[in-house]
Amino acid sequence: MIRRLAVRSVAPAALALAAAAALTVTTAPAAHAVGESSKCSVNWSNFDAKVGKNAWNYRTGPSTDFSSRGYLYRGDKLKVLCSKGSWDYSQLTQRSKSGIAKGTRGWVREDGLVSLAG
């Protein structure tokens, strides 16, 4: 004698769970949201800026307590990634006039920058 067990269909429940999981939105942090930029309190849409003053320190963190990577000079171009207070975390879009390599990331006080585009 073969006994049939009553089996409740789990297909609708499994499909509902899969659909809910598919609708869950998860986003990974932006590439610039890792490392030094984790000190940021505001993220920007990577706007271009230009240094408006000479001998402006490009620092490893958002205050004068951090060491300098070198100096930036009027006309040096960067991409601002995020900020904390009056400090902007940025990346050089070309070699600086003082010789800091293109792509170097660091912190600069925002009053030394001139915004080009947002």
Side-chain angles (χ1 to χ4, degrees):
M1 170 185 227
I2 299 174
R3 185 188 290 182
R4 287 192 171 190
L5 298 173
V7 178
R8 186 180 301 174
S9 175
V10 293
L15 288 173
L17 184 59
L23 294 176
T24 303
V25 177
T26 57
T27 57
H32 65 269
V34 181
E36 294 172 9
S37 66
S38 64
K39 299 175 181 101
C40 290
S41 55
V42 177
N43 286 314
W44 298 107
S45 297
N46 302 343
F47 68 86
D48 293 326
K50 184 166 53 170
V51 177
K53 299 186 177 189
N54 282 321
W56 212 240
N57 276 305
Y58 201 41
R59 297 191 176 274
T60 59
S63 80
T64 56
D65 293 338
F66 290 88
S67 61
S68 176
R69 295 186 189 279
Y71 291 110
L72 299 175
Y73 289 89
R74 184 175 286 121
D76 284 339
K77 295 179 182 178
L78 350 120
K79 186 167 291 290
V80 176
L81 308 171
C82 60
S83 65
K84 179 176 183 170
S86 61
W87 292 84
D88 291 331
Y89 183 66
S90 60
Q91 180 174 351
L92 285 168
T93 58
Q94 63 186 36
R95 185 176 186 85
S96 75
K97 292 179 181 178
S98 65
I100 303 171
K102 174 184 177 178
T104 301
R105 291 183 175 192
W107 292 85
V108 62
R109 263 196 14 230
E110 66 184 17
D111 56 342
L113 300 179
V114 177
S115 176
L116 297 178

K97 atom NZ, neighbour heavy-atom count above 12 within 6.0 Å:
yes
From SG (C40) to CG (L81), nearest 0.5 Å
7.5 Å
Once side-chain hydrogen bond (donor to acceptor under 3.5 Å, both in side chains) is applied, do any residues pair with D65, and if so which ones, sequence neighbours excluded?
none
Taking only residues two or more places apart in sequence or in another chain, which ones pass side-chain hydrogen bond (donor to acceptor under 3.5 Å, both in side chains) with Q91?
R105
Please check this pair: side chain of K79 against backbone of T93, looking for a donor-acceptor N/O pair closer than 3.5 Å.
no
Mind running side chain to side chain contact (heavy atoms under 4.5 Å, CB included) on L78 and L113 for me, showing each step along the way?
CA-CA 9 Å; L78 350 120; L113 300 179; 3.4 Å; yes
Show your reasoning for whether side chain to side chain contact (heavy atoms under 4.5 Å, CB included) applies to D111 and W56.
CA-CA 10 Å; D111 56 342; W56 212 240; 3.4 Å; yes
Straight-line distance of R74 CZ to N54 CG, nearest 0.5 Å
4.5 Å
Enter the distance from R69:CZ to T60:OG1 here, rounded to the nearest 0.5 Å.
6.0 Å
With sequence neighbours left out, write down each residue that passes side-chain hydrogen bond (donor to acceptor under 3.5 Å, both in side chains) with S63, or none if nothing qualifies.
none
Connected via hydrophobic side-chain network under 4.5 Å: W87 and F66:
no
Assess whether side chain to side chain contact (heavy atoms under 4.5 Å, CB included) is satisfied between R59 and V108, documenting all intermediate values.
CA-CA 6 Å; R59 297 191 176 274; V108 62; over 6 Å; no
Looking at residues at least two apart in the chain, or sitting in another chain, which of them share a side chain to side chain contact (heavy atoms under 4.5 Å, CB included) with S96?
L72, D76, L92, S98, I100
Would you mind reporting whether T104 and Y58 have side-chain heavy atoms less than 4.5 Å apart?
yes
Tracing side-chain links under 4.5 Å among I, L, V, M, F, W and Y, which residues wind up in one group with Y71?
Y73
Might you point out which heavy atoms bring R95 and A101 nearest each other, and give the distance in Å?
NH1-CA, 4.2 Å
If the condition is side-chain hydrogen bond (donor to acceptor under 3.5 Å, both in side chains), which residues does S68 pass it with, not counting sequence neighbours?
N57
Over all heavy atoms of both residues, which pair between S41 and K84 is shortest? Give the atoms and the distance, please.
OG-CA, 3.5 Å
